[in-house]
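Data block below; observations after.
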Amino acid sequence: MNPETEPLLELQGVRKIFPKAAGELVVLDDISLTVRSGEIVGLLGRSGSGKSTLLRGIAGLMPLTAGRILYRGSAISGPSRGIAMVFQSFALFPWLTVLGNVELGLHALGVPAQEASRRALAAIDLIGLDGFETAYPRELSGGMRQRVGFARALVVEPTLLLMDEPFSALDVLTAETLRTDFLGLWLEGQMPIRGVLMVTHNIEEAVFMCDRVVVLAANPGRVQAEIPIPLPHPRDRLAPAFRQIVEDIYALLTARAPLTTRAFGPPIAQHLRQVSTNVLAGLLETVAAPPYGGRADLPEVAEDVQLEADELLPAAEALQMLGLAEVAAGDIVLTSAGRDYAEADTQARKRIFSEHLLACVPLVAHIRGVLATRPSQEAPRVRFEAELEDHLSEDYARETLNAAIEWGRYAELFAYDDQSGRFSLEDVTA
């Protein structure tokens with residue numbers, strides 16, 4: 001087999017299931033994909049598609065339930081010396097210098113101190129931090145700390161590099177600089193790695209960097225499509241071919257209406273993304289106003305309001321769930337109620353939102369119903385959180401309840417005291 005195209009990583013029927021009180025929570029279902037030598041593969045998908053779970057399973061940081069992971073043809077079930085990972089959150093040890101952080105992985109592998117120092121200094125120089133070897137993480141900017149994260153991954157000379165949203169914690173300009181620098185080193189062959197698997201929520205980033213994008217559907221995560229990116233580097237973000245691929249991916253991510261599917265059991269257990277009511281109102285106003293007039297292309301809106309796909313799509317889908325917009329094929333179209341909301345004053349907006357929230361979000365109606373039947377008209381947060389955790393992961397249950405709280409408060413359907421963790425109907429006018 002040609003070493004330039006050999007499979008570095010093969011996933012065969014990978015599944016991940018978490019046991020729950022009311023059954024199983026399937027997070028990944030029958031995932032099969034390949035990363036070959038010489039390519040950067042991107043993983044894209046909405047919340048709930050299991051992108052980060054999959055990456056951690058490949059890295060050996062989380063056991064998978066079923067399926068096989070092959071690294072260069074051999075099955076693996078834990079951390080592999082040929083695979084390294086770059087995290088979103090930098091994950092540096094604050095008591096170690098830049099040099100100490102980069103050397104750490106080599107020490108764990110038993111590399112002699114002198115050799116470890118030589119290799120660490122070379123990696124630090126490669127990623128552009130020469131001169132900062134003795135600095136501590138607190139002295140570095142976010143971009144510099146992430147460069148240390150890259151150096152720490154590269155110093156062990158991996159064949160395959162896993163990246164979990166490596167640029168998402170950075171400001172726009174810093175992310176663009178680091179993204180371009182990394183791609184330059186890759187294209188020039190200056191790094192030891194031969195393949196990259198990158199989780200990202202930024203569609204333009206995926207099209208800018210990757211040779212191929214794997215789109216995951218959500219709840220449970222499964223491969224929805226694989227999209228080749230046959231554009232030469234350097235890539236022009238304004239080129240029609242680039243924009244078309246971005247449009248195609250947006251269309252895929254909005255191809256179905258996941259919010260009508262009760263994937264986790266009863267209607268109240270529908271996972272809600274915590275989207276601010278200010279963001280929802282702002283999106284409605286933007287789409288209602290010129291030049292859109294109630295119908296807009298999501299990539300154009302993303303650029304106008306400076307929201308990435310992982311922020312824009314949950315907001316658009318929340319409006320769809322509430323009956324204030326329709327989302328399909330990469331477009332968002334306001335319903336008559338959505339137009340009314342955009343044109344209304346504050347109190348009228350709250351009335352419209354309240355009506356649609358009660359009709360479309362079973363959890364909110366459930367909370368209000370429980371409160372109304374109790375003599376005290378109060379209930380603790382844990383009462384509803386426990387119900388959700390029978391069907392959702394703890395993180396999803398927490399996010400879902402937090403979303404219901406913010407939306408219910410805005411609609412004046414119930415009150416919530418964060419200090420006591422109690423819901424009530426006291427002082428509610430709705």
*Could you tell me the separation between the CG atom of Leu312 and the NE2 atom of His201, rounded to the nearest 0.5 Å?*
11.5 Å

*Taking every non-hydrogen atom, the tightest pair across Phe93 and Pro137*: O-CG, 3.7 Å

*Of all heavy-atom pairs between Arg339 and Gly293, which one has the smallest distance, and what is that distance?*
NH2-O, 3.1 Å

*asked:* Once you measure the plane-to-plane angle for Phe150 and Phe182, does it fall in the parallel (<30°), tilted (30-60°) or perpendicular (>60°) bin?
replied: tilted

*Using 4.0 Å as the upper bound for N to carboxylate O, is an ion pair formed by Glu285 and Arg349?*
yes

*Would you say the side chain of His233 lies within less than 4.5 Å of the side chain of Leu183, judging by non-hydrogen atoms?*
yes

*Could you tell me the separation between the CG atom of Leu44 and the CG atom of Leu252, rounded to the nearest 0.5 Å?*
10.0 Å

*asked:* Taking CD in Glu139 as the centre, count heavy atoms belonging to other residues, nucleotides or ligands within less than 6.0 Å. Is the count above 12?
replied: yes

_Carboxylate-amine/guanidinium contact Arg409 Glu406, below 4.0 Å_ = no

*Shortest non-hydrogen contact from Ala365 toward Leu358*: CB-O, 3.8 Å

*Considering non-hydrogen atoms only, spot the tightest contact between Glu103 and Ser117 and give its length.*
OE2-CA, 3.2 Å

*Going through the checks in order, is the side-chain contact (heavy atoms from CB on, under 4.5 Å) test met by Leu197 and Ile40?*
CA-CA 6 Å; Leu197 181 61; Ile40 299 177; over 6 Å; no

*Let me see the working for Tyr410 and Ser354 under side-chain hydrogen bond (donor to acceptor under 3.5 Å, both in side chains), right down to the final yes or no.*
CA-CA 8 Å; Tyr410 171 73; Ser354 173; over 6 Å; no

*asked:* Quick check: do Val35 and Pro7 have side-chain heavy atoms less than 4.5 Å from each other?
replied: no

*Do the rings of Phe384 and His366 sit parallel, tilted or perpendicular, given the 30° and 60° boundaries?*
perpendicular

*Are Glu399 and Arg273 close enough for a salt bridge, meaning some N to O gap below 4.0 Å?*
yes

*Looking at side-chain heavy atoms only, is the closest gap between Asp211 and Val41 below 4.5 Å?*
no

*Would you find a donor on one side and an acceptor on the other, under 3.5 Å apart, between the side chain of Thr97 and the backbone of Ala135?*
no

_Pairwise side-chain contact, Val333 with Val327, heavy-atom cut-off 4.5 Å (strictly under)_ = no

*Evaluate side-chain contact (heavy atoms from CB on, under 4.5 Å) for Gln12 paired with Leu70, printing each intermediate quantity in order.*
CA-CA 8 Å; Gln12 301 175 347; Leu70 304 179; 3.5 Å; yes

*When you measure from the centre of the six-membered ring of Phe242, is the NZ or CZ of Arg235 under 6.0 Å away and within 45° of the axis?*
no

*Donor-acceptor pair, side chain of Glu176 and main chain of Leu173, under 3.5 angstrom*: no

*Sub-3.5 Å donor-acceptor pair from the side chain of Gln146 to the main-chain atoms of Pro166, do we have one?*
yes

*asked:* If you define the side chain from C-beta out and look only at heavy atoms, does anything of Thr277 sit under 4.5 Å from Phe353?
replied: yes

*Quick one: are Leu185 and Asp181 in side-chain contact, heavy atoms under 4.5 Å?*
no

*Can we say Asp29 and Lys16 salt-bridge, meaning some charged N sits less than 4.0 Å from an Asp/Glu carboxylate O?*
no

*Taking His356 for its side chain and Leu322 for its backbone only, find out whether a donor-acceptor pair lies under 3.5 Å.*
yes

*Distance-only, no hydrogens or angles: does the Thr335 side chain make a donor-acceptor pair with backbone N or O of Gly323 under 3.5 Å?*
yes

*Hey, are Arg118 and Glu115 close enough for a salt bridge, meaning a charged N less than 4.0 Å from a carboxylate O?*
yes

*Do Ile332 and Leu283 have side-chain heavy atoms sitting under 4.5 Å apart?*
yes

*In Å, rounded to the nearest 0.5 Å, how long is the span from CG of Asp125 to CD of Glu133?*
8.0 Å

*Is the count of non-hydrogen atoms from other residues, nucleotides or ligands lying under 6.0 Å from Glu303 atom CD greater than 12?*
no

*If you measure from CD on Glu387 to CD1 on Ile268, what distance do you get to the nearest 0.5 Å?*
4.0 Å

*Any salt bridge between Arg56 and Asp164, counting N to O under 4.0 Å?*
yes

*Assess whether side-chain hydrogen bond (donor to acceptor under 3.5 Å, both in side chains) is satisfied between Glu10 and Thr34, documenting all intermediate values.*
CA-CA 5 Å; Glu10 296 174 87; Thr34 301; 4.8 Å; no

*Considering non-hydrogen atoms only, spot the tightest contact between Val14 and Arg68 and give its length.*
CG2-O, 3.8 Å

*Mind checking the CD1-CD1 spacing from Ile245 to Ile227? Nearest 0.5 Å is all I need.*
8.0 Å

*Return yes if some donor-acceptor pair links the side-chain N/O of Arg194 with the main-chain N/O of Thr159 below 3.5 Å, else return no.*
no

*Any chance you could measure Thr65, atom OG1, to Phe18, atom CZ, to the nearest 0.5 Å?*
7.5 Å

*Can you check whether Leu170's main-chain N or O pairs, donor with acceptor, with Thr174's side chain at less than 3.5 Å?*
no

*Using the side-chain contact (heavy atoms from CB on, under 4.5 Å) rule, take Leu280 and Leu324 through it: C-alpha gap first, then chi angles, then the decisive distance, then the call.*
CA-CA 10 Å; Leu280 296 179; Leu324 300 177; over 6 Å; no

*Checking salt bridge (Lys or Arg N to Asp or Glu O under 4.0 Å) for the pair Lys350/Glu355: CA distance, chi angles, key distance, verdict?*
CA-CA 9 Å; Lys350 288 199 170 195; Glu355 292 172 356; over 6 Å; no

*Closest heavy-atom contact between Asn101 and Arg152?*
O-CD, 3.4 Å

*Could you tell me whether the side chain of Ile83 reaches within less than 4.5 Å of the side chain of Leu162, counting heavy atoms only?*
yes

_Glu204 bridged to Arg243 by N-O distance under 4.0 Å_ = yes

*Could you tell me whether Tyr416 atom OH has more than 12 heavy atoms of other residues or ligands within 6.0 Å of it?*
yes

*Kindly indicate, with the supporting measurements, whether the criterion side-chain contact (heavy atoms from CB on, under 4.5 Å) is fulfilled by Trp186 and Ile193.*
CA-CA 8 Å; Trp186 165 260; Ile193 54 177; 4.0 Å; yes

*Does a donor on one side chain sit under 3.5 Å from an acceptor on the other, for Ser168 and Gln88?*
yes

